[in-house]
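Note that the numbering runs from 1 along the sequence shown for the chain. None of the values given here were measured: they were computed from a predicted structure.
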Amino acid sequence: MIPSLTKKIVFVALLASLLALSLQHGFGEAWQSQYMYAYTPSSQTAQTPGREQPPAVETSESEFIQVPSARVLSHRIVEYHMDVQLDEQARQLRGKQTVTWTNPGKQLVSEMYWHLYPNAFASPDTSFMRESGGKLREDKATEASVGSMTLLSLKTEEGESLLPRLHYVQPDDGNVEDHTLAKLKLPDPVGPGESVTLTTEFVVQLPAVFARMGYTGDFVMAGQWFPKLAKYETVGTRGRVNEGWSAHQYHGNSEFYSDFGIYNVRIQVPADYKVAATGFPTKAAATKGNNKIYQFYADDVHDFAWAASPDFVYAEEPYSTDGVPGVRIKLYLDPSHAQLQDRYMHAAKSALAKYAQWYGEYPYSTLSIVVPPAGGGGAGGMEYPTLVTAFAADNDNPGYELERVVIHEIGHQYWYGMAASNEFEEAWLDEGFTSYAEDKVMESEYGVMPNLLVESSYMTDPAPLKQLSWSYRDHDHYAENVYMRAKLVLVDMEQRVGAQTMRKILRTYFQKYRFKHPSTGDFQRVVEQVTKQSWKDYFDQYIYGEQMADFAVESISVRPVKQDGRTVYESVILVRKRGGDVEQVPILLHFQDGKTIEKQWDAQETHIQYKMTHSAPLAWAAVDPEYTIVLDNKRMNNYMKAELPGRSGTRWNLGIVKAIEGLLSSLGW
């Protein structure tokens, strides 16, 4: 999922104002080079030079019917057969489900856990609503954003009712008002390698679109809409010592985690609706009375989502390239974005080609992109297996954010979809990796460079990357770390090992762990395997810890001294390490006669002192003047002028730091 960038733009304007003020107080050339970094605000429009964008042509929905491949990519632990009908008037989904679960472990399993995600919207007292405050990104819940899931039946194959055995549990926070996770005591335990099949009937009351699901007008987004089994982890999965369920409630910051399997889904909607869904159609859509019936199938995926609207402008193109054997790219456009069809398609092809080239094959035969209507932002910018949502069509001149969101969400097909990290407990392995990969595609295909200087300065409250998603203070704190700081850590790693080795690291990691649910420890082992060196200290500081790099010019003193009968100047410069380790710290000393001296510090100690004697006084000193240390988030203390007395200079410099930190902390994500 991609967070909103609106406040980042506000931040850039604020930073520019503060820097202008700094220049008036003598920061001079030391700050000017940052404006050489490219930053493209969302108001700019992406155009293909010398080429008009062709108008979209609405085509009929594809009748290209496919059959499942014999190729098996994952351990198919679960198999879902579902029949769901949209009740347009009641804003409800009425579903039936048969699910078969196979015990992948070596022990008897006597209980199961079910995610009932729509109950997150049942009241203001659920854990999701308490933690989010009824807001996710820029999307706010309304009075109509009330939803729920009611299980009408839960039975064995023999017809025995298990509903009396089901009860809600709250293992994360003890909130008895939260009904997003339920525990089922099975009548008979399931042995290793054995299976159990259960049937359910359920009703979902859709909320006004908010936080990945719901309706707005005639548009419906069905994400996390069915009773879903939790993930059962075997010994060794993510370093696990004892096998068992990874079962968590639905939190304000958490996304999702589950087992790979097979989905066979029948969807009934009003006859004038078009449906986008995970997987591919196995039958031609058929009209029955006032309804149209779709049949979709997907395998080697761990979720199933769909969207429906009578207003979709549909377009489809086949695409293949190295690493993409053959995929049908399907666009479900809001009419106000119909003229942008070519851009959506280009972004999708660019993303698929680059990710396949860099990391590995995209093995699925379809990729659907849904563009929600204006007002449907709660459904936008989200990833599901073989289906992603772009941002809502509130703006017909979206700039490069159109491409960025599509590329980001397609990146999730790799780190969320195939690698399938635990987003409850290690969200950075998905969001951080996807944000890093997204920047690479934007640079390669559109020439849009990230402003790493601004992004690192935005890190006002760093926290460990590997921690429970709901352990972050709020959503801003979560997004600041698992998206931005995680990406900066990966960029810093790339700077240390080189772009070619970093790409080898990520490709090796993906190839080794796709369809296997890797952990942070697994990633560290791959890094060490490829580079043939220990990364323990690095991971302890920047991933398991909350460190950022921080190097400050702490003091400067200049005094005239006599040398061979003439007056020269002795300058003493103290530079201190206040954050994590880096390999080399560049330091630039500039004298009043224009002479400059460059130094390189290995930063093995907590500080270093330089004593320089020169015919002219020192004018200023700067740490990392070219802004190469991407994890340095407090650059206001990197520079100091020598004219000020050391004590006053230090206080004034730190005062500016505290002022900007206070302003930044008030902005949030």
Query raised in the report: Does a side-chain N-to-carboxylate-O contact under 4.0 Å join Glu431 and Lys487?
Result: no
Query raised in the report: So, Gln584 and Asp602: side-chain donor and acceptor under 3.5 Å apart, yes or no?
Result: no
Query raised in the report: So does Asp139 pair up with Lys135, basic N to acidic O under 4.0 Å?
Result: no
Query raised in the report: Is there a donor-acceptor pair under 3.5 Å between the side chain of Ser254 and the backbone N or O of Tyr250?
Result: no
Query raised in the report: side chain to side chain donor-acceptor pair (under 3.5 Å) with Glu494: which of Lys440, Arg503, Gln500?
Result: Lys440
Requested in this report: Before accepting this row, confirm whether a basic side-chain N of the pair Asp439/Arg404 lies closer than 4.0 Å to the acidic partner's carboxylate O.
Outcome: yes
Report task. Mark yes or no for whether Glu528, through its side chain, and Trp535, through its backbone, hold a donor-acceptor pair below 3.5 Å. Result -> yes
Report task. Please state whether the rings of Phe424 and His248 are parallel, tilted or perpendicular, taking 30° and 60° as the class boundaries. Result -> tilted
Query raised in the report: Is Arg238 paired with Glu426 through a side-chain N to carboxylate O contact shorter than 4.0 Å?
Result: yes
Query raised in the report: Would you call Lys577 and Asp550 a salt bridge, using N to O less than 4.0 angstrom?
Result: no
Report summary line: For Tyr400 and Arg343 the tightest heavy-atom approach is N-NH2, 4.4 Å
**Report entry** Short side-chain donor-acceptor distance under 3.5 Å, Ser421 and Asp430
**Finding:** no
Query raised in the report: Taking atom types as modelled, is there a side-chain donor on Lys562 or Thr567 under 3.5 Å from an acceptor on the other?
Result: yes
Query raised in the report: Considering residues, nucleotides and ligands other than Glu598, do more than 12 of their heavy atoms fall under 6.0 Å from its CD?
Result: no
Query raised in the report: Do Asn481 and Pro462 touch side chain to side chain, with heavy atoms closer than 4.5 Å?
Result: yes
**Report entry** Validation row: Ile597, Lys595 side chains within 4.5 angstrom (heavy atoms)
**Finding:** yes
Query - Any Arg576 side-chain heavy atom under 4.5 Å of Phe551 side chain - result: no
**Report entry** Asp624 and Arg635 ion-paired at < 4.0 Å
**Finding:** yes
Requested in this report: Give the ring-plane orientation class for Phe128 versus Phe210, where under 30° counts as parallel, over 60° as perpendicular and anything between as tilted.
Outcome: perpendicular
Report summary line: Tested for ring pair (Phe, Tyr, Trp, His ring centres under 6.0 Å) against Trp415, the lone hit among Tyr513, Trp428, Phe523, Tyr359 is Tyr359
Requested in this report: Show your reasoning for whether side chain to side chain donor-acceptor pair (under 3.5 Å) applies to His477 and Asn253.
Outcome: CA-CA 10 Å; His477 193 218; Asn253 291 334; over 6 Å; no
Requested in this report: Begin with the C-alpha distance, continue with both residues' side-chain angles, and end with the deciding distance and a verdict on ring pair (Phe, Tyr, Trp, His ring centres under 6.0 Å) for Tyr639 and His590.
Outcome: CA-CA 11 Å; Tyr639 173 86; His590 187 91; 9.8 Å; no
Query raised in the report: With the threshold set at 4.0 Å, does a side-chain nitrogen-carboxylate oxygen contact exist between Arg212 and Glu255?
Result: yes
Query raised in the report: Taking C-beta and beyond as the side chain, do Lys536 and Gln524 meet within less than 4.5 Å on heavy atoms?
Result: yes
Query raised in the report: Would you call Glu546-Arg485 a salt bridge at under 4.0 Å N-O?
Result: no
Query raised in the report: Is there a side-chain contact between Leu490 and Met502 (heavy atoms, below 4.5 Å)?
Result: yes
Query - Side chain to side chain, Phe391 and His337, heavy atoms closer than 4.5 Å - result: yes
Query raised in the report: Do you know which two heavy atoms are closest between Ala427 and Ser469, and how far apart they sit?
Result: CB-OG, 3.8 Å
Report task. Look at the side chain of Ser457 and the backbone N and O of Asn633, then say whether any donor-acceptor pair between them is shorter than 3.5 Å. Result -> no
Query raised in the report: Going by heavy atoms in the side chains, are Gln604 and Asp581 under 4.5 Å from each other?
Result: no
Requested in this report: Would you check if there is a donor-acceptor pair between the side chains of His517 and Asn422 at a distance under 3.5 Å?
Outcome: no
Query - Shortest non-hydrogen contact between Tyr569 and Ala616, atoms and distance - result: CD1-C, 3.8 Å
Query raised in the report: Less than 4.5 Å apart, any side-chain heavy atom of Glu554 and any of His607?
Result: no
Report task. Fit a plane to each ring of Tyr414 and Tyr362, take the angle between them on a 0 to 90° scale, and name the class: parallel (under 30°), tilted (30 to 60°) or perpendicular (over 60°). Result -> tilted
Report summary line: One should read off an interatomic distance between Thr596 OG1 and Phe591 CZ, to the nearest 0.5 angstrom, of 9.0 Å
